[in-house]
Visitor: 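Dropping a structure here in structure tokens format, bear with me for questions.
Each chain gets a letter, A, B and so on, in the order its sequence line appears, and its residues count up from 1.
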Protein chains: 2
Amino acid sequence: MKLTTKGRYAVTAMLDLALHYGEGPITLADIAQRQGISLSYLEQLFSRLRRQSLVASVRGPGGGYSLGKEAREIFIGEVISAVDENMDTTKCHGAHNCQNNERCLTHDLWSDLSNQIYTYLNNISLQDLMDRKAVREVADRQEHGDVDASLVDQLGTPAGV
Amino acid sequence: MKLTTKGRYAVTAMLDLALHYGEGPITLADIAQRQGISLSYLEQLFSRLRRQSLVASVRGPGGGYSLGKEAREIFIGEVISAVDENMDTTKCHGAHNCQNNERCLTHDLWSDLSNQIYTYLNNISLQDLMDRKAVREVADRQEHGDVDASLVDQLGTPAGV
DNA sequence: GAAATCTTGACTATTTTAGTTGGGAAAGTA
DNA sequence: TACTTTCCCAACTAAAATAGTCAAGATTTC
């Protein structure tokens, strides 16, 4: 599990799709403009998102992308692992036949840690983000200005990690 | 917060130091051989670990490195952030003056997510790892062979995340 | 003084990230 | 049918990060 701008781009784009749900297919050009992401780069990301059935596509004029399932059923972890290669890190992947067990142990620790983070991210859905976002936008308008409320507080603590 | 082999190398090396605590300073050459990490690369990593006072150094023959404080007081998160540059990702870092709030919101979400992971890793000390490791090694010897018990179960769920 | 060890800085190779370019293929509309 | 809009796809590129090498020096012990 990596947390890079690549994954953030994907989540941002998916969130954009979710926010415009009900307006028919959304073109990548729209997302590119709204979110400030390169159109060609979005195409690469959506190619992978589509292969994972996270989005559905419609070609031709009036076409575009829409969510592959409900926002409530799409989790951040899915989105990230769809665009990030499955970083098959390190020599003894899976097998426990390293020279000394020390190294293998650390390897396991790492992948387990990674799994826990994945579990955590897999408990946050796009719908959750939209809800928080709505909360924040309301708060922004109410207090009018640079509100800095931490999203951590709002996100709370999903089960698992 | 990134989870790369760089951070794992650092944690592995620190764990090695912790495991040989009480044997006097440990040379990087020893760690390099035991853990299969390039000596010169270790030098780079320890340069940073030393600047953060996570390790103490002794020069000359018989010299080497030792933990800068007790294993119980050194946390994985510290080690990782010591060797990983403070990835100052993305345009609107801190300031909320982006074009549209959408992007900034995602940015905040990301850094907060990152902070939560950091909090989680900051609740696991080297001592914790040693304890788990001891448990595992005993289990390995008792069952003699390729035991595959998940470390996740053993690690449990530190408070916070 | 010699050897062991840390300390530092500059250099290099490989991989990943973040794109660009250029061509398609499908679908709607005139 | 011609044309436009959109998705689709593969190859290429530039910049950065990762992982590591190399060379020189500073301390300390023997």
Visitor: Would you mind reading off the distance between Ile37(B) atom CD1 and dT18(D) atom P, rounded to a whole angstrom?
Guide: 16 Å
Visitor: Pick the nucleotide of DNA chain D nearest each of Ser40(B) and Gly64(A); which residue has the one closer to the 5' end?
Guide: Gly64(A)
Visitor: Could you measure the distance from the CZ atom of Arg34(A) to the CD1 atom of Ile26(A)? Nearest 0.5 Å is fine.
Guide: 6.0 Å
Visitor: Measuring from Glu78(A):CD to Glu73(A):CD, what's the distance to the nearest 0.5 Å?
Guide: 9.5 Å
Visitor: OP1 or OP2 of dC8(D) versus the side-chain N and O atoms of Ser57(A): is any pair under 4.0 Å?
Guide: yes
Visitor: Output the rounded distance in Å from CZ (Arg48(A)) to C1' (dC8(D)).
Guide: 15 Å
Visitor: Establish, with yes or no, whether the OP1 or OP2 oxygen of dT21(D) is under 4.0 angstrom from a side-chain nitrogen or oxygen of Ser38(B).
Guide: yes
Visitor: Rounded to the Å, how far apart are Tyr41(A) OH and dT21(C) C1'?
Guide: 16 Å
Visitor: Measure from CG on Leu45(A) to P on dT17(C) and round the result to the nearest Å.
Guide: 11 Å
Visitor: Say you draw a straight line from CG of Leu126(A) to CG of Asp131(A); how long is it, rounded to the nearest 0.5 Å?
Guide: 11.0 Å
Visitor: Rounded to whole Å, how long is the line connecting atom CD of Gln35(A) with atom P of dG19(C)?
Guide: 14 Å
Visitor: At under 4.0 Å between heavy atoms, what does Phe46(A) touch on the DNA or RNA strands: base, sugar-phosphate, or nothing?
Guide: nothing
Visitor: With a non-hydrogen cut-off below 4.0 angstrom, is Leu42(A) in contact with a base, only sugar-phosphate, or nothing?
Guide: nothing
Visitor: Under 4.0 Å: is that the gap between some side-chain N or O of Tyr9(A) and OP1 or OP2 of dT17(C)?
Guide: no
Visitor: Answer yes or no: does a side-chain N or O of Tyr65(A) lie under 4.0 Å from OP1 or OP2 of dT6(D)?
Guide: no
Visitor: If each of Gly62(A) and Arg51(A) is mapped to the nucleotide of DNA chain D with the nearest heavy atom, which maps nearer the 5' terminus, i.e. the 5' end?
Guide: Gly62(A)
Visitor: Is Glu43(A) side chain donor-acceptor paired with the dT6(D) base, going by distance under 3.5 Å alone?
Guide: no
Visitor: Should the ring pair Tyr65(B) and Phe46(B) be called parallel, tilted or perpendicular, given that the plane angle runs from 0 to 90° and is split at 30 and 60?
Guide: tilted
Visitor: What integer distance in Å separates Leu28(A):CG from dC7(D):P?
Guide: 4 Å
Visitor: Answer yes or no: does a side-chain N or O of Arg50(B) lie under 4.0 Å from OP1 or OP2 of dT7(C)?
Guide: yes
Visitor: If each of Pro61(A) and Arg59(B) is mapped to the nucleotide of DNA chain C with the nearest heavy atom, which maps nearer the 5' terminus, i.e. the 5' end?
Guide: Arg59(B)
Visitor: In whole angstrom, what separates Asp84(B)'s CG from dT18(D)'s C1'?
Guide: 10 Å
Visitor: Figure out the CD/C1' separation between Gln33(B) and dA4(C), and round it to whole Å.
Guide: 16 Å
Visitor: Knowing that exactly one of Leu67(A), Ile74(A), Val79(A) qualifies, which makes a side-chain contact (heavy atoms from CB on, under 4.5 Å) with Leu49(A)?
Guide: Val79(A)
Visitor: Nearest of dA10(C), dC22(D), dC9(D) to any side-chain atom of Gln44(B)?
Guide: dA10(C)
